[in-house]
Number of protein chains: 2
Amino acid sequence: MNRKNMEPSNRNIEMGSRHLGRLFMQFKQLERHPRVFGEAGPLTPSEIHTIDAISCESGILMSELAARLSVTKGAVSQIVKKLESKQLVQRTPHPEDSRAVMISLTEKGIIAFQAHRELHQNFYKELSDQLNQDEIQIFEKCIQKLTELLKKE
Amino acid sequence: MNRKNMEPSNRNIEMGSRHLGRLFMQFKQLERHPRVFGEAGPLTPSEIHTIDAISCESGILMSELAARLSVTKGAVSQIVKKLESKQLVQRTPHPEDSRAVMISLTEKGIIAFQAHRELHQNFYKELSDQLNQDEIQIFEKCIQKLTELLKKE
DNA sequence: AAATTTTAGTTTAGTATCTATACTAGTTTG
DNA sequence: CAAACTAGTATAGATACTAAACTAAAATTT
């Protein structure tokens, strides 16, 4: 376990894995605080993620939403209640199945949705501006591989 | 806001930012569940991150640890208490400053630490095995830029 | 040297996010 | 039609944090 006896490749792996770890830590830290999304006001991370998952669809079921966010129905139930009280989403009864509820964004919700998407896109743009076309392509490949690997974990 | 009217570059940004978002979601999901680290047993994400931050140092102050983890002293105080009760870390009084406490890993803590590092390194190795030398280098560059950008957010 | 301020750490109450479990009430199926 | 399934809600508890109030020791002022 002596660092001086390590092969270069092992040291590279050690460094690389640490850098990746640091990136995720940085991300985690960001995800701890509420942010303001345009006129929609400050929203907690899970609130805005839920809004993003609902997207501009005409209506999505609670259970679909749960699957999309990879959380339980109970979690979605709670967060939708909160979003409804903030008038960001609305519930409409399903026309055929009276157990089901269709969730959709209100106008205020759409404002938050767009502000959030824009934020993300500006972030990505700022990153890709620092890369050339080849590098972007490789970056995309890496993102995809990373996502795959994380899914397996 | 019509997708068909978008320039290719805008569409690429939209796609890219979505992929990046998905990656972080995948990561967040992983970070929700406890994992087993060798003989040290199952540890929650924040427990193992704290152990990783303590590392194999001979002794680190609570306040240093808080800074390293980017959390408040109170948060560290709580988690160290839990780790101490699990016999993964130990407190020793500071030789000169009797207010201060030195935190270090026990043998069991070191086992967890090493198992965690190994896990991360295996993950990184699996990723880099799918890339050639140039791609790894670009990937590293991107990780670094991403970390910088996130820090600014 | 006494008084003040700063620093190290703990404690407590409260918030956000999630899970698991138990539940209600419609829907489908045998 | 009864049994089993499905959609969603409610609630209690876990985790992981913050903010604020606190204790006690150390450093600085006066």
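Side chains included, hydrogens not; waters and symmetry mates left out as well; all remaining heavy atoms used. Each chain gets a letter, A, B and so on, in the order the sequences are listed, and its residues count up from 1.
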Just how far, in rounded Å, is [atom2] of [N] from [atom1] of [X]?
X: L30(A); N: dC17(D); atom1: CG; atom2: P; result: 15 Å
X: L65(A); N: dA7(D); atom1: CG; atom2: C1'; result: 13 Å
X: E84(B); N: dT10(C); atom1: CD; atom2: P; result: 9 Å
X: K28(A); N: dT17(C); atom1: NZ; atom2: P; result: 15 Å
X: K82(B); N: dT11(C); atom1: NZ; atom2: P; result: 16 Å
X: K81(B); N: dC17(D); atom1: NZ; atom2: C1'; result: 14 Å
X: E47(A); N: dT15(C); atom1: CD; atom2: P; result: 14 Å
X: L83(B); N: dT15(D); atom1: CG; atom2: P; result: 12 Å

Open item on the list: With a 4.0 Å cut-off on N to O distance, would you call R18(A) and E14(A) a salt bridge?
Closed with: yes
Does the pair K125(B)/E118(B) count as a salt bridge with the N-to-O cut at 4.0 Å?
no
Can you check whether [X] has a side-chain N or O nearer than 4.0 Å to OP1 or OP2 of [N]?
X: K73(B); N: dT11(C); result: no
X: T72(B); N: dA19(D); result: no
X: R32(B); N: dA16(C); result: no
X: S63(B); N: dG9(C); result: yes
X: S46(B); N: dC17(D); result: yes

query: Over its full length, what angle do the end axes of the helix from dA1(C)-dT30(D) to dG30(C)-dC1(D) make, each axis taken from five pairs and the result rounded to 10 degrees?
result: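 Inter-axis angle at the termini of the helix from dA1(C)-dT30(D) to dG30(C)-dC1(D): 10°.
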What are the two closest heavy atoms between [X] and [Y], and how far apart are they?
X: N12(B); Y: Y124(A); result: O-CE2, 4.2 Å
X: I48(A); Y: A112(A); result: CD1-O, 3.8 Å
X: S17(A); Y: Q121(B); result: OG-CG, 3.6 Å

### Task
For DNA chain D, find the residues of residues 48-56 of chain A with a heavy-atom distance under 4.0 Å and give them by number; none if there aren't any.
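Going residue by residue through residues 48-56 of chain A, none turns out to have a heavy atom under 4.0 Å of DNA chain D.
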Expected list for residues 93-103 of chain B near DNA chain C, using heavy atoms below 4.0 Å, is R99(B), A100(B), V101(B)
Can you say whether a donor on the side chain of Q78(A) sits under 3.5 Å from an acceptor on the base of dT19(C), or the other way round? yes
- More 5' along DNA chain D: R91(A) or H33(A), using each one's nearest nucleotide?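 Here R91(A) is the residue nearer the 5' end.
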Side-chain atoms of P45(B) come closest, of dT18(D), dA16(D), dT11(D), to dA16(D)
Nucleotide nearest M62(B) (side chain, heavy atoms from C-beta), chosen from dG9(C), dT18(D), dA20(C)
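Ranking dG9(C), dT18(D), dA20(C) by closest atom to the M62(B) side chain puts dG9(C) first.
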**OP:** Could you tell me whether the side chains of Q87(B) and K108(B) share a donor-acceptor contact shorter than 3.5 Å?
**Re:**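 No, because no side-chain N or O of Q87(B) sits under 3.5 Å from a partner of the opposite role on K108(B).
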Scan side-chain atoms only and decide if H19(A) and Q144(B) contain a donor-acceptor pair under the 3.5 Å cut-off. no
Member of R35(B), K82(B), K81(B) meeting the salt bridge (charged side-chain N to carboxylate O under 4.0 Å, His left out) criterion with E47(B):
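Per the salt bridge (charged side-chain N to carboxylate O under 4.0 Å, His left out) rule, the option paired with E47(B) is K82(B), out of R35(B), K82(B), K81(B).
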* Asked: With a 4.0 Å cut-off on heavy atoms, is I79(B) in touch with a base, just the backbone sugar-phosphate, or nothing at all?
  ->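 Counting heavy atoms under 4.0 Å across all strands, no contact is made by I79(B).
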query: Does T106(B) use its side chain to pair, donor to acceptor, with the backbone of L88(B) at less than 3.5 Å?
result: yes
*asked:* Would the distance check show the side chain of Q78(A) and the main-chain N or O of G74(A) forming a donor-acceptor pair, the cut-off being under 3.5 Å?
replied: yes
* Atom CZ of F24(B) and atom CG of L30(A): how far apart are they, to the nearest 0.5 Å? ->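 These two atoms lie 9.0 Å from each other.
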Would you please test R68(A) and E57(A) for salt bridge (charged side-chain N to carboxylate O under 4.0 Å, His left out) and show each step? CA-CA 13 Å; R68(A) 205 174 280 191; E57(A) 293 186 43; 2.7 Å; yes
E126(A) vs D129(A), side-chain contact (heavy atoms from CB on, under 4.5 Å): CA-CA, chis, key distance, verdict
CA-CA 5 Å; E126(A) 204 170 330; D129(A) 278 350; 5.7 Å; no
